[in-house]
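As structure tokens, the structure follows; a few thoughts come after it.
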Amino acid sequence: MAPPTFAADVLEGLRRPRKEIPSRWLYDARGSRLFQAIMALPGYYPTRVEEEILERHAPGITAPLAGGACSVVDLGAGDGSKTRILLASLFRRSPRTSYVPIDLSTTALAQAAHRMASRLPGLRVSPIKADWLDGLRSLAPRGSAPLLVLFLGSNIGNLERGDALAFLCSLRAALRPGDHVLIGFDLLKGRSTLQAAYDDDRGVTRAFNLNLLARINRELGGDVDPASFEHVATFDPSRPAMESWLRSRRRQVVHVAGRSFRLEAGERIHTEVSCKYHEPDVAAMAGAAGFEEVGRYRDRRHWFVDALWRVGAP
Ligand code: AVI
């Protein structure tokens with residue numbers, strides 16, 4: 001199946017009764033920089049709590065793979081700071097460790113590769129520019145070294161629950177016995193904490209979301225006035241999830257790639273879901289996707305879980 005394009009996703013998404021644009025398109029070069037700024041915000045807790053988990057548990061997490069050769073495959077490497085904590089721990093005990101960041105963003109890949117190579121001299125780094133699963137599949141045929149696949153930072157939360165399970169099943173199918181995955185799940189917590197994380201008072205998340213409209217203008221010849229939209233973050237306890245929207249401040253018609261789209265005053269475009277999990281969901285997902293759970297690592301406040309799963313013998 002051909003990969004989705006920005007143009008097709010935007011044109012199709014704006015035609016729907018509930019207008020929506022998939023969150024993957026938030027990450028152009030400016031969007032990636034803004035997301036890095038979000039990660040540094042005091043209220044965006046996921047970065048710090050996951051760092052705390054990795055600082056405390058890196059030796060335990062990497063123990064099943066320590067000693068021999070191992071490839072650490074990083075899906076959505078971000079700025080690489082969390083991966084570095086794990087890699088440093090593993091590389092100290094296993095000098096034959098290699099690092100394989102996989103990302104669609106050339107900028108993110110170059111940064112991750114450079115940062116890791118400079119901080120851990122001697123580490124073999126082999127970046128792959130691809131969709132996560134395609135990149136992983138492109139590793140086959142590979143040597144006998146087991147993989148440790150990292151899917152950190154609650155990236156799984158940006159997939160609807162059904163899509164998350166489908167993704168994990170595809171991930172499982174691309175791996176072989178002895179491979180491990182480490183996945184970050186953001187747990188449900190108080191509403192005010194969530195609200196502050198997804199609608200910060202410095203306006204960085206607002207700029208991140210509105211950048212999508214600037215990207216539409218730039219890349220798809222749009223005439224959308226970003227000032228005529230506002231960033232809205234809502235909490236849906238029934239799922240549970242935080243959701244991001246762009247809300248039209250007025251009734252208007254916008255043009256994108258030669259097509260017209262009408263928006264009512266107050267009408268919203270859905271741009272992102274960030275699912276929050278209950279701890280029992282984590283074990284259930286491991287089983288449903290065909291993994292064996294090896295360990296579950298939490299921060300002191302139990303706000304976040306990094307789950308270590310293994311592909312068992314057939
Ligand atoms: C990348 N992802 C895990 C972030 C999240 O928390 O859902 C994206 C984000 N959107 C707004 N703030 C952060």
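Read the numbers this way: they start at 1 and go in the same order the structure lists the ligands and their atoms. Just so you know, these numbers come straight off a predicted model, no measurement behind them.
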According to a 4.5 Å side-chain heavy-atom criterion applied to Ile, Leu, Val, Met, Phe, Trp and Tyr, with indirect links allowed, do Phe6 and Val224 form part of one hydrophobic cluster?
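Yes: a chain of side-chain contacts under 4.5 Å links Phe6 to Val224.
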
Closer than 4.0 Å to some heavy atom of [X] - which atoms of ligand 1 meet that?
X	result
Ser154	3 (C)
Tyr27	1 (C), 8 (C)
Gly153	3 (C)
Asn158	1 (C), 2 (N), 3 (C), 4 (C), 5 (C), 7 (O)

Parallel, tilted or perpendicular, as decided by the 30° and 60° cut-offs, for the rings of Trp303 and Tyr45
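Perpendicular.
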
Hey, is Arg206 close enough to Glu230 for a salt bridge, meaning N to O under 4.0 Å?
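Salt bridge between Arg206 and Glu230, a charged N being under 4.0 Å from a carboxylate O: no.
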
Using the rule given for side chain to side chain donor-acceptor pair (under 3.5 Å), can you reason through Asp223 versus Asn217, listing the C-alpha separation, both sets of side-chain angles and the distance that settles it, and then say yes or no?
CA-CA 6 Å; Asp223 66 355; Asn217 290 343; over 6 Å; no

Considering only non-hydrogen protein atoms, determine which one is nearest to [atom] and report residue, atom name and distance to 0.1 Å.
atom	result
atom 7 (O) of ligand 1	Ser274 OG, 2.7 Å
atom 9 (C) of ligand 1	Glu272 OE1, 3.5 Å
atom 5 (C) of ligand 1	Tyr44 OH, 3.3 Å

Measuring from non-hydrogen atoms of Tyr45 to any atom of ligand 1, is the shortest distance under 4.0 Å?
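So Tyr45 does not count as touching ligand 1.
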
Establish, for the pair Arg161 and Tyr277, whether the NZ or CZ atom is under 6.0 angstrom from the six-membered ring centre and no further than 45 degrees off its axis.
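Flagged: Arg161 positioned over aromatic ring of Tyr277.
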
Given Arg215, Arg24, Lys19, the one that forms salt bridge (charged side-chain N to carboxylate O under 4.0 Å, His left out) with Asp9:
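For Asp9, the salt bridge (charged side-chain N to carboxylate O under 4.0 Å, His left out) check succeeds only for Arg24.
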
